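Okay, structure first, notes after.
The shown structure was predicted, so the numbers you read here are calculated from the model rather than taken from an experiment. In what follows, chains are A, B, ... by sequence order, proteins preceding strands, each numbered from 1.
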2 protein chains.
Amino acid sequence: MPKSESVKHRSGCPISIALELVGDPWTLLIVRDLMFKDKKTFGEFLNGGEGIATNILSDRLARLERAGIVTRQRDVADARKVGYRLTDKGMDLAPVLVDLVVWSAKHEVTDAPAPVVREMRLRRDGFLKQVRQAWRKEAKDA
Amino acid sequence: MPKSESVKHRSGCPISIALELVGDPWTLLIVRDLMFKDKKTFGEFLNGGEGIATNILSDRLARLERAGIVTRQRDVADARKVGYRLTDKGMDLAPVLVDLVVWSAKHEVTDAPAPVVREMRLRRDGFLKQVRQAWRKEAKDA
DNA sequence: CCGGATCCGTTTCGATACTG
DNA sequence: CAGTATCGAAACGGATCCGG
């Protein structure tokens with residue numbers, strides 16, 4: 001299984017997608033938790049990802065760190081605590097996640113359409129800007 | 001592993017994503033081949049997906065069909081040939097795929113930035129409309 | 001030949017138990 | 001709290017076989 005697949009468009013242009021991160025469900029869930037929620041620690045992912053095993057979580061966090069999508073840092077106050085944070089590269093995945101949430105809400109998930117989903121769909125650009133801004137703000141606080 | 005994961009946003013809204021299709025790399029490749037290229041048949045996916053085994057391909061196509069993302073139909077002229085086609089639900093994945101291609105081009109793939117990627121990024125809405133139109137046209141021809 | 005189905009050795013996953 | 005170790009179960013991939 002190659003990491004990214006490159007093929008020829010009929011017009012002759014390569015259309016490649018990186019698979020190793022999006023090709024895995026757990027990875028997606030972690031990125032989503034980091035992006036749209038306040039989850040930052042191992043334990044929070046454990047409860048939020050709903051059913052992920054500790055070894056899998058550990059492995060995926062390591063992969064994401066190696067891929068430059070998240071950074072890992074010990075809490076200066078509490079040395080036991082470890083915090084994860086999306087990098088700029090990781091935040092660039094926001095459009096993908098947003099589209100995915102919107103698609104899921106339309107076709108798969110039976111929940112009543114949440115206001116957040118409506119905003120994602122109707123004010124996409126604004127929503128993305130807002131998420132990015134919140135991320136930057138959090139960086140300064142830390 | 002649940003099919004879709006629903007959690008609470010800090011504002012109290014559920015943010016769910018369907019995982020069974022995007023969580024798998026092969027599935028994504030097949031959808032991409034269907035969407036952006038002319039690939040339609042089993043054999044074309046085999047060569048295009050670059051390295052997928054026949055049993056895996058068969059399984060993924062069946063899953064996609066069950067999920068209502070592709071349809072399967074025998075060629076009326078040549079009974080040996082089988083064609084696959086994206087449904088409307090499948091075409092709704094275009095935004096996700098486009099974002100993914102753009103992200104990959106920026107962060108992962110070393111290829112020179114293709115003109116198609118530029119168009120996806122700079123004229124996103126127009127590109128999506130164009131893809132959808134081509135899909136509709138193909139439906140009429142068949 | 002095309003479009004798969006089946007079998008099988010190998011790899012990976014994931015639940016639980018355990019450790020610092 | 002933040003992970004490792006272990007081990008059975010599942011998925012993968014390669015080859016081969018089969019029906020039209």
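Phosphate contact (OP1/OP2 of dC12(D), side-chain N/O of R60(B), threshold under 4.0 Å): present. An OP1 or OP2 oxygen of dG4(C) is reached within less than 4.0 angstrom by a side-chain nitrogen or oxygen of R72(B).
Salt bridge R85(B)/E65(B): absent, no basic N to carboxylate O contact under 4.0 Å. Under a 4.0 Å N-O distance rule, the pair R124(B)/D99(A) qualifies as a salt bridge. Salt bridge status for R63(A) with D59(A): present, with a side-chain N to carboxylate O gap under 4.0 Å. Using a 4.0 Å cut-off between charged nitrogen and carboxylate oxygen, R132(A) and D88(A) count as a salt-bridge pair.
The side chain of R63(B) lies closest to dC12(D), out of dC12(D), dG3(D), dG4(C). Of all nucleotides listed (dG3(D), dG4(C), dA15(C)), dA15(C) comes nearest to the side chain of A53(A). Of the listed nucleotides (dA2(D), dG4(C), dC12(D)), dA2(D) has the atom at the smallest distance from the side chain of T41(A). Distance from the side chain of T54(A) is smallest to dG3(D) among dG3(D), dG13(D), dG3(C).
Straight-line distance from the CG atom of L29(B) to the P atom of dC12(D): 13 Å, rounded to whole Å. Residue W26(B) contributes atom CH2, which lies 13 Å from atom C1' of dG14(D) at whole-angstrom precision. In this structure, Q73(B) atom CD and dG4(C) atom P are separated by 12 Å, rounded to whole Å. Distance, F45(A) CZ to dG14(C) P: 17 Å, rounded to whole Å. For the pair L57(B) CG and dG4(C) P, the interatomic distance rounds to 8 Å; values are reported in whole Å. Rounded to whole angstrom, the span from the CG atom of L46(B) across to the P atom of dG14(D) amounts to 11 Å. The interatomic distance linking I56(A) (CD1) with dC7(D) (C1') rounds to 13 Å, in whole Å.
Among the heavy atoms of the strands lying under 4.0 Å from Y84(A) are primed sugar atoms or P, OP1, OP2 only; no base atom is included.
Judged by closest nucleotide on DNA chain D, V82(A) is the one of V82(A) and N55(B) placed further toward the 5' end.
Checked against salt bridge (charged side-chain N to carboxylate O under 4.0 Å, His left out), D78(A) has the following partners two or more places apart in sequence or in another chain: R80(A).
For the helix from dC1(C)-dG20(D) to dG20(C)-dC1(D), the rotation axes defined at the first and last 5 base pairs enclose an angle of 30°, given to the nearest 10°.
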